[in-house]
Each structure stands twice: as structure tokens, then as C-alpha cells.
Trainee: 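Sharing a structure, written as C-alpha cells. Questions coming.
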Amino acid sequence: MTTRRQLLFALTVALLICGAWLASAAEVKRFQIGYVGNSTPSVEAGYVEVFERGLRERGYIDGQNITINYRWAEGSNEKVSKIIDEFVKRQVDVIVVTGTFAPLTAKKATSTIPIVFTAGDPVATGIVASLSKPGGNLTGFSSLESGITGKRLELLREFIPGRKRVAVLANPKQPYTRVTIPATQAAAESQHISLDFFYASNRTELEVAFSAIARAKPDALLILPDKPFFFTERANILRLVAKLGVPTSYPFPEYAADGGLFYYGSYSADFFYRMAGYIDKIFKGQNPADLPIEQATRFELVLNLRAAKSLHIKVPQSILLRADRIIE
Amino acid sequence: MKPRLTIARKYLLLITGLVTLALISFGGMGIWFSYQETVRQLMQLQQEKAVLAATRIDIYVKNIEQQIDWTMVPLATSIDVNLEQQRLDYFKLLRRVPAISDVSWIDSKGFEQLRVSRLEMDLIGNNRDRSGDPAFVAVKAGQNFYGPVYFRNETEPYLTIARSAGNGSVSIAEINLKFIWDVISAVHVGQTGLAYTTDVSGTLIAHPNIGLVLKKTSLSTLHQVAKALGGGENRSSHVVANNLAGQETITAHAPIPALRWHVFVELPTTEAFEPLREMLVKSVLLLLMVIAVSIISAILLARQMVEPIRQLSEGASRIKAGQLDQRIEVHSGDELEILASQFNEMANSLHDLYGTLEQKVNERTTQLAQEQAKSRSLLTNILPENVIGELAATGQVQPTRHEEVTVLFADLVNFTNALASMPASRMVGELNEIFEAFEEITYQEGVEKIKTIGDAYMAAAGLSGNTFDHAERCTRAALRMAHYLEGRNQENPFKWQVRIGLHSGSLVSGVVGKRKYAFDIWGDTVNLASRVQSASEAGRINVSAYTFDLIRQEFNCTYRGKLSAKGKGDIDMYFVDSIKTPDSHHNLTTIK
């Protein structure tokens with residue numbers, strides 16, 4: 001009797017082991033996502049949250065069927081390069097990058113690991129050959145920042161009716177500036193605006209640049225988009241602009257939310273939500289080369305009335321009518 | 001006998017066959033009808049989805065038109081147009097309608113006076129000549145204008161809508177179709193189905209797979225698209241056809257008349273028919289279950305029906321085997337129970353009948369045995385034991401020659417005189433009593449009584465079995481006979497004397513007669529024995545010399561001399577006086 005019971009027990013255990021083995025064999029491969037954070041977790045917290053939500057809604061849960069490896073460059077181009085090298089070495093399944101510097105660096109680092117990006121003007125900056133047929137191993141979103149530059153200048157001018165001296169702050173180490181500076185110049189020309197360019201690629205240079213801007217006494221300031229540096233130095237730049245005391249156009253919506261006068265453009269957490277869609281398609285076996293690059297569809301004017309008040313400027317009707325988000 | 005087809009199997013086949021046939025036919029019909037119904041519902045559902053998507057797009061576009069028209073109201077009423085005011089109105093329009101990326105106002109002469117854009121810098125009073133623009137031309141001709149789908153920067157799909165703005169002026173709006181794509185992709189068609197839109201030429205303008213749209217894929221070769229484009233306006237219908245990927249789908253279609261677009265909704269048949277397959281599987285399973293249940297109940301029913309019959313058959317076979325006390329237990333409450341009870345009654349009667357018969361046979365057998373015993377004992381009285389055996393075995397008795405036999409003759413003295421002096425019945429009674437005693441004596445001594453001849457008693461020893469002491473046995477019997485009579489004479493009023501003679505020698509025995517057997521012995525020895533008796537004296541036992549020679553070791557004898565044996569000359573004779581052994585006297589006295 002006992003031997004029979006023992007036999008039964010042994011059989012059950014064997015079945016359970018077989019079942020567990022089969023189950024583990026059937027378990028889907030856990031995908032590795034390499035997330036290249038330009039700044040710090042606190043600066044990008046909103047994006048990370050939306051990104052994870054986008055993945056979750058498509059059935060990917062960090063720690064279950066995917067692992068998201070977050071690395072933070074804290075505004076440094078060098079760190080971005082290092083993080084990408086690490087991801088390439090670890091052969092993650094997909095690399096997520098934003099801006100222009102990071103996608104270009106990733107493109108150079110690997111031609112096999114799929115890269116999903118959000119970039120200002122991926123064709124003009126050479127990230128991809130074409131929006132409809134990106135080719136290679138990259139796909140993602142174009143936020144149309146370069147086209148928007150003229151629009152930003154137009155809006156900025158409406159804050160300073162009758163005046164036309166605008167200072168432009170750019171990061172010389174940002175490859176995107178090769179596109180944005182000519183675009184700004186062209187727009188300024190058509191609107192009869194005179195531009196002064198100032199450059200900074202680190203904190204020291206930033207202090208120096210703002211001193212120079214203060215000395216130039218411009219009517220307004222246009223900050224060109226730059227990731228990772230300007231993106232990360234938000235608090236610092238806002239502090240310097242406040243000291244300067246001129247109407248300023250910012251390259252990221254968070255600036256306006258944190259006290260900057262206004263932001264106009266398409267950049268939003270929505271890109272991160274939708275990048276999860278590209279990742280899903282890639283995980284399901286589609287070739288990134290065949291995934292057309294989508295363009296920004298929604299444009300947003302974020303206006304900070306507190307900033308306007310502190311600048312003692314009256315916000316014109318044409319701006320108020322267009323403001324999608326007003327911060328008071 | 002084993003039946004070719006048992007009743008149980010017959011019932012089983014019948015019930016199962018009928019039930020299965022009924023179930024399969026009804027179940028099959030049910031499945032067929034629900035299949036038809038499900039397909040119809042599926043098709044209708046797809047159709048409704050297509051219509052819904054088309055309606056949504058139509059409403060969406062109509063809403064845009066309405067918004068544009070509202071914006072144009074001030075333009076229509078004021079003659080001197082304030083461009084700055086118009087610009088603010090356009091800003092409001094852009095805020096209200098996110099899909100409009102650009103809007104232009106063309107004056108009645110065809111010159112663009114204002115352009116407001118989300119992406120580009122606004123233009124005010126630029127006076128660009130757009131009089132040749134098909135949008136302007138169409139609106140001037142009194143039509144609403146919907147331009148062809150075009151792509152900005154390769155990947156952004158756009159549509160131009162032109163509306164009359166009053167006073168001959170025209171509003172031209174660029175609509176980002178991605179917002180309509182959102183409408184399309186909001187149409188959920190099962191898990192794997194999708195909705196897409198083509199223009200009037202069959203070119204794809206909206207599809208969840210943007211890549212296909214960007215490639216400007218023409219779907220006019222697809223059966224369902226060709227049918228929709230070629231068919232009448234409202235002949236929107238559903239078909240089962242292969243999609244672009246070659247997958248078989250249920251496709252429904254609905255037109256958007258204003259835009260002359262067509263919305264298609266497709267669902268792969270693999271998914272669409274999934275619930276149908278499930279239903280089919282469930283129905284078949286249910287059918288199988290019901291069939292199984294019916295088979296089981298048929299088996300039970302058949303068993304229940306057949307069980308009493310089996311019991312009857314078993315009972316009958318036991319009765320056949322002779323177990324008449326067997327009773328058949330059937331409690332089915334039907335005709336079979338009645339049959340069983342009748343069977344039992346029959347067995348009962350049989351049992352009784354058999355019992356009586358047996359009793360009678362027993363009685364007869366006992367009687368027969370008694371009769372046999374009686375006749376055998378009668379026969380024994382007549383014939384010697386071994387002769388009876390021979391007679392019983394062969395039906396006859398062969399005459400036998402015996403070399404060594406002693407023959408005894410006992411004759412009652414003066415019998416003829418006595419016969420005259422007493423009644424005949426008393427005479428026979430006396431004779432019978434004496435001869436019975438003689439018979440008992442001869443029997444005890446192993447001497448065969450042969451017969452009585454008048455008052456003479458004839459016996460012989462040595463006819464059967466051991467014969468070596470035949471002479472002694474005869475002598476002993478003779479002494480006891482004489483002794484018996486001595487004793488009898490002391491009590492009995494009639495006194496009898498017996499004269500006994502013995503002689504030994506060879507003789508022949510045999511049975512004569514057919515209806516009335518008589519065992520007898522013949523030969524000189526018999527005659528001589530009779531002569532020796534005649535030569536004896538009353539109360540004495542006379543033996544021939546030959547017998548004397550055989551018995552003289554045992555008995556005391558007295559020689560009498562040569563006496564005449566009638567017809568046989570003179571022979572030596574002896575009287576037997578007594579037995580030599582002392583106990584023999586005792587033996588003699590025991591005889592009553």
C-alpha cells in the first residue's frame with residue numbers, strides 16, 4: 001500500500017516538474033529595452049510614466065515580459081555616448097532615444113539593434129533618409145521642430161510689438177543647430193527681425209552666454225532646442241532668464257510650466273506613449289526600416305501668465321486666442 | 001441454445017438508432033439554422049460597423065465644414081474686411097478644430113488675403129493669385145470642394161476642403177487626415193479585424209498600417225473594393241473575400257457620399273467564425289453527450305427488460321436439469337412476472353407429480369424386494385442355496401453328479417396305524433410339527449432337506465459348499481432328530497418313534513418340473529440309504545459301513561452285522577450310539 005502511494009506521489013511530482021518545464025519553455029522571451037535618458041529621473045519622470053503606460057496598454061510590463069533599462073546622461077553628450085555603447089554591448093532588443101544627438105550617436109553605434117526615436121527633424125539632421133521609408137534600423141517620430149522655429153519667432157514678436165532685436169541661444173555641440181539656425185535666420189529675415197546668436201554647451205558657458213546676452217540688451221530671447229544639455233538645465237536657464245527679464249521662447253513645454261513665458265510646439269509626453277507602439281511592432285517582428293516616421297500632429301501653445309506679469313507685459317489677444325494651456 | 005441476436009441487443013440497437021437519428025437530425029438542423037443566423041448576424045454587425053465608421057467620418061467632416069462656415073459669418077456680412085479680425089477668427093477656428101492645420105481666405109477675385117497656419121508663419125494681405133486653384137474654381141461654381149488626399153513631408157496625409165465664405169470669397173482649409181485616421185482606428189473590429197478607407201479610385205487613404213497608405217496602395221483590384229466602387233451608391237453589402245494580405249475576411253462596406261470615400265470593415269473569417277466553431281464544437285459535444293446518455297439508458301432499459309427473461313430462461317434450464325424445487329424470481333410487474341409465476345406453478349405441479357411418482361416407485365421397489373425376498377426364501381425351502389443361484393442366473397439347473405454325499409432317511413414308525421386312530425387334521429398337525437423340528441435341525445446342521453415322502457423325511461449333506469464332513473453332519477442331525485422325539489414324547493400325548501438310516505456315496509442331483517420346481521437326488525446311494533433306514537429300528541440310527549467309516553472318529557457305534565438290504569444283498573450295518581466329544585451331548589440337549 002505504501003509503495004503504491006509512494007509511486008503515485010512520485011508520478012505526481014514528475015508531472016508537476018514536466019508541467020513547470022513546459023510552462024517555462026512556453027514563456028515568452030523577456031525583451032530588453034534600453035532607455036537613454038537625456039537628463040535625470042526627476043526631469044523626465046512624466047515621460048517615463050507615459051512611456052510605461054504605453055507599453056503596459058500593449059501588454060508589456062516592466063519586470064514581467066520586458067525589462068526597461070533606464071540610464072541617465074544628466075545632460076552630458078559624453079554620458080549619452082557611454083550609455084549607448086553599454087546598450088550595444090549588452091545587445092538589448094531595442095534602444096529608445098530622443099533629441100538629435102542621441103539618435104545620431106545610436107545610429108553610429110549599431111546598425112542592427114532597432115532604435116526608436118523622437119527627433120526634431122530626422123531627415124535634415126541625417127538620422128534617416130526619408131520619413132516614409134526610414135531604412136536601416138531606426139524609426140520613430142518627427143516633432144517638426146525646425147519648421148516650428150519660424151512660428152516661435154512670430155509668436156515672440158507679438159509679445160514685443162514694434163521691436164525687433166532678438167537674442168538666440170544655441171548649443172554649438174548640438175548637431176540639430178545646423179538645421180535650426182538657418183531656419184531661424186530665414187524666418188527672421190521674412191519678419192524683419194535682427195538676430196544675435198549666443199552659444200553655450202556647459203554650465204560655465206551658460207553663465208558667460210547669459211552675461212553676454214544681458215549686455216546686448218535684446219528685446220526678446222529665443223532658445224533653440226537642445227537635448228540633452230538645455231533640456232536638463234531647465235531650472236538653471238529659467239533662473240538666468242528671470243535675471244535677464246525679457247520675453248523668451250523656450251524649446252520644451254516644461255519650461256513654460258516651470259515659469260517660462262511660453263512654449264509653442266508639438267513636444268509632449270504623447271510621443272513617449274506612441275513610441276511604445278513602435279516598440280510593440282518591432283517586438284512583433286516588424287522591421288523598423290518598413291515603419292514610416294510619423295510627424296507631429298498636435299501643436300500646443302503653453303502660456304505662463306505669471307511670467308508675463310512679472311515681465312510687465314500685456315499678452316496680446318492673438319496669443320491668448322491661440323493658447324492651448326494657460327498657466328496662472 | 002444461444003440466440004443469434006439477443007433481445008437486449010435488439011432493443012439497444014433500436015433505441016440507440018432511433019434516438020441518435022433523431023438527435024443528429026434535429027441537432028444538425030439546429031446547428032445549420034444557428035450557423036445561418038450567426039453568419040447573418042456577423043455580416044450585419046460588420047455592416048453596422050462600416051456604416052458607423054462612415055457616419056462618424058461624415059459627421060466629423062460636416063462638423064469641420066460647419067465650423068468653417070461659422071467662422072465666415074462676419075466675413076459674409078461686413079463689406080470692408082478687417083484682416084486682423086479675420087485672423088483672430090481663424091485662430092478660434094484652429095482652436096476649435098485641431099484637424100485644420102492651415103486656413104486661407106481668398107477674396108472674390110481669387111487673391112489670397114489671409115493665411116493662418118499652425119506650422120508656418122501667418123500671411124496677411126499677401127495677395128497671392130489663387131484664382132486658378134481648383135478649390136476656388138469649384139466653390140465659385142457653387143460646389144463644395146473636397147480635394148484629393150495628399151501627403152506633406154511624405155508622411156502627413158492631408159485633404160483640402162473649400163467652402164464659400166460669402167460675397168464670392170472662399171475659405172480653403174487644409175485638414176490633417178490623421179485625425180480621421182484616429183476615427184478609423186477607433187473602429188474596433190474584433191481582435192484582428194480592421195477598418196480602412198479608400199477614395200473614389202480605390203486608393204487607400206486610411207488604414208491602421210500607415211505604411212500601406214504612404215505607399216499609395218490601390219485596392220481597386222480587391223473583389224470587395226471593386227464591387228463597392230462599381231456598385232450602386234447604396235448597394236453597400238458584405239462579402240467574404242480575401243484582403244490585401246490574402247487572408248479570407250468578412251468585409252462590409254459603407255460609402256461616405258460627401259467625400260465619395262468608402263469605408264471598409266474587415267474581419268478575418270478565422271476570428272469571425274471562431275464563436276461559430278465554438279458553438280459547433282459545443283453542439284457536437286452536447287450531441288455526443290446526449291447520445292451517450294441515450295445509449296446508457298438504452299442499455300439499462302434493455303437490461304431491465306431482458307433481465308426477467310434471462311431469469312425465466314435460467315429457471316427453465318434449471319428445472320430442465322431436474323431442480324424442480326427451483327422458483328423463478330421476477331418482479332417486473334408486467335406480463336413477464338405473470339409468465340414467471342405460471343412457470344413456477346408449472347414447476348410446482350411437476351414437483352408434486354414427480355414426488356408422488358417417486359413415492360410410488362419406492363413403495364413398489366420395497367414391495368418388489370419383499371416379494372423377491374419372500375419368493376427367494378420360498379425357493380430356499382424348495383431348493384438348495386447354490387441351485388437357487390444357478391437357477392436365478394441361468395433360468396435352469398444342470399444335473400450335477402456328487403461323489404461324496406450322505407443321504408438321510410427318517411421314517412416315523414407305525415405312522416399308518418396311527419393315521420387310523422386319530423383325526424386327519426390332528427395327524428397332519430403332528431406330522432407338521434415334527435417335520436418342522438426336523439427341518440430346523442437339518443438346517444442348523446447344514447443338511448439339505450430334499451423332500452418328505454409320506455411319513456418319511458429325506459435329507460442329504462454334501463450337495464453344496466464344503467462337503468468333507470457331510471457324514472458327521474448328517475449323523476449329528478439324525479441324533480438330534482431322535483433326541484427331539486424322545487423329548488417330545490415325554491410331554492406329548494402322542495408318542496412317536498423314528499427310524500433313521502444313513503448311507504454315503506455318489507449320486508446325481510437336479511431340478512425337475514417347470515411350474516412346480518422339485519429338487520431331487522437320484523442314484524444307488526439314495527436307494528441304499530432308504531434300505532439302510534428300513535433295516536433300522538425305532539429310535540435308532542442305522543448307518544451303512546461306508547458311512548460308519550466316515551464317522552467313527554466322532555461317534556460311538558455298535559456293529560450289527562451283515563443285514564439284508566432289500567434288493568441290494570447283505571451289507572454291514574452299525575447303530576450310532578452317541579457322539580464321542582463331550583460337548584456334543586450338550587448340543588443335542590439344546591434342541592427343543
Side-chain angles (χ1 to χ4, degrees), chain A residues 121-124 128-134 139 141-158 183 186-191 193 264-266 274 277-278 281 286-301 316-324, chain B residues 71 82-103 114-124 126 150-158 174-183 185 191-192 204 207-217 245:
Chain A
D121 193 339
V123 177
V128 290
S130 144
L131 291 181
S132 59
K133 294 187 184 83
T139 192
F141 290 95
S142 167
S143 59
L144 297 174
E145 297 287 326
S146 52
I148 288 291
T149 309
K151 204 69 194 164
R152 282 178 182 153
L153 206 54
E154 179 191 293
L155 288 166
L156 192 56
R157 207 194 57 175
E158 291 190 30
E189 203 171 311
S190 71
Q191 296 194 47
I193 286 172
Y264 181 73
S266 65
R274 291 166 73 162
Y278 277 115
K281 282 178 181 163
Q286 291 200 42
N287 187 352
D290 298 334
L291 298 173
I293 288 159
E294 286 190 52
Q295 301 173 42
T297 314
R298 289 175 192 271
F299 297 89
E300 194 182 32
L301 174 59
Q317 186 74 1
S318 63
I319 298 285
L320 282 172
L321 275 176
R322 277 183 277 182
D324 298 281
Chain B
T71 317
N82 180 347
L83 287 180
E84 205 45 54
Q85 184 56 46
Q86 287 158 30
R87 187 173 169 239
L88 295 183
D89 285 338
Y90 275 149
F91 286 159
K92 288 176 191 166
L93 175 65
L94 293 192
R95 272 197 62 173
R96 279 198 291 264
V97 188
I100 300 175
S101 70
D102 305 87
V103 58
L114 182 64
R115 181 182 172 87
V116 172
S117 169
R118 291 183 194 275
L119 285 156
E120 285 156 36
M121 287 181 288
D122 299 342
L123 301 170
I124 301 171
N126 55 332
Y150 69 97
F151 291 90
R152 276 194 192 169
N153 291 328
E154 304 171 76
T155 61
E156 285 295 281
Y158 273 88
E174 307 300 327
I175 315 292
N176 189 333
L177 285 183
K178 266 209 184 154
F179 289 86
I180 288 178
W181 287 6
D182 289 348
V183 173
S185 56
Q191 294 286 319
T192 51
L204 200 60
H207 193 281
N209 184 356
I210 295 163
L212 290 174
V213 181
L214 300 182
K215 280 183 215 157
K216 298 189 172 58
T217 313

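Chain naming here is simple, since letters A, B, ... match the order of the sequence lines and numbering starts at 1 in each.
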Trainee: Atom CZ in R152(B), atom CD in Q295(A): separation rounded to 0.5 Å?
Mentor: 9.5 Å
Trainee: How many angstroms lie between CG in L177(B) and OG1 in T297(A), if you round to the nearest 0.5 Å?
Mentor: 11.0 Å
Trainee: Heavy-atom distances under 4.5 Å only: say whether A296(A) touches chain B with side chain, backbone, both or neither.
Mentor: backbone
Trainee: What residues, two or more places apart in sequence or in another chain, satisfy salt bridge (charged side-chain N to carboxylate O under 4.0 Å, His left out) together with E154(A)?
Mentor: K151(A), R322(A), R87(B)
Trainee: Between I293(A) and chain B, with a heavy-atom cut-off of 4.5 Å, which part of the residue counts as in contact: side chain, backbone, both or neither?
Mentor: backbone
Trainee: Report which part of I319(A) has an atom under 4.5 Å of a heavy atom belonging to chain B: side chain, backbone, both, or neither.
Mentor: neither
Trainee: Side chain, backbone, both or neither: which part of L119(B) has a heavy atom under 4.5 Å from chain A?
Mentor: both
Trainee: Are there over 12 heavy-atom neighbours, none belonging to E158(A), within less than 6.0 Å of that residue's CD?
Mentor: yes
Trainee: Does Q191(A) use its side chain to pair, donor to acceptor, with the backbone of M121(B) at less than 3.5 Å?
Mentor: no
Trainee: Sequence neighbours left out, what passes ring pair (Phe, Tyr, Trp, His ring centres under 6.0 Å) with F141(A)? Give chain and number order.
Mentor: F271(A), Y278(A)
Trainee: Could you grab the distance from atom CG of L131(A) to atom CD of E156(B), nearest 0.5 Å is fine?
Mentor: 9.0 Å
Trainee: Chain A heavy atoms under 4.5 Å from F179(B): which part of the residue, side chain, backbone, both or neither?
Mentor: side chain
Trainee: What residue, out of S142(A), A323(A), S190(A), S266(A), has the most heavy-atom pairs lying under 4.5 Å from chain B?
Mentor: A323(A)
Trainee: Looking at L320(A) and R95(B), what are the two nearest heavy atoms and their distance?
Mentor: O-NH1, 3.8 Å
Trainee: Please find the pair of heavy atoms, one from S318(A) and one from L88(B), that lie closest to each other, and give the distance.
Mentor: CA-CD2, 3.6 Å
Trainee: Identify which part of N153(B) has an atom lying under 4.5 Å from any heavy atom of chain A, answering side chain, backbone, both or neither.
Mentor: both
Trainee: If I measure from the heavy atoms of chain B, does T149(A) come under 4.5 Å with its side chain, its backbone, both, or neither?
Mentor: neither
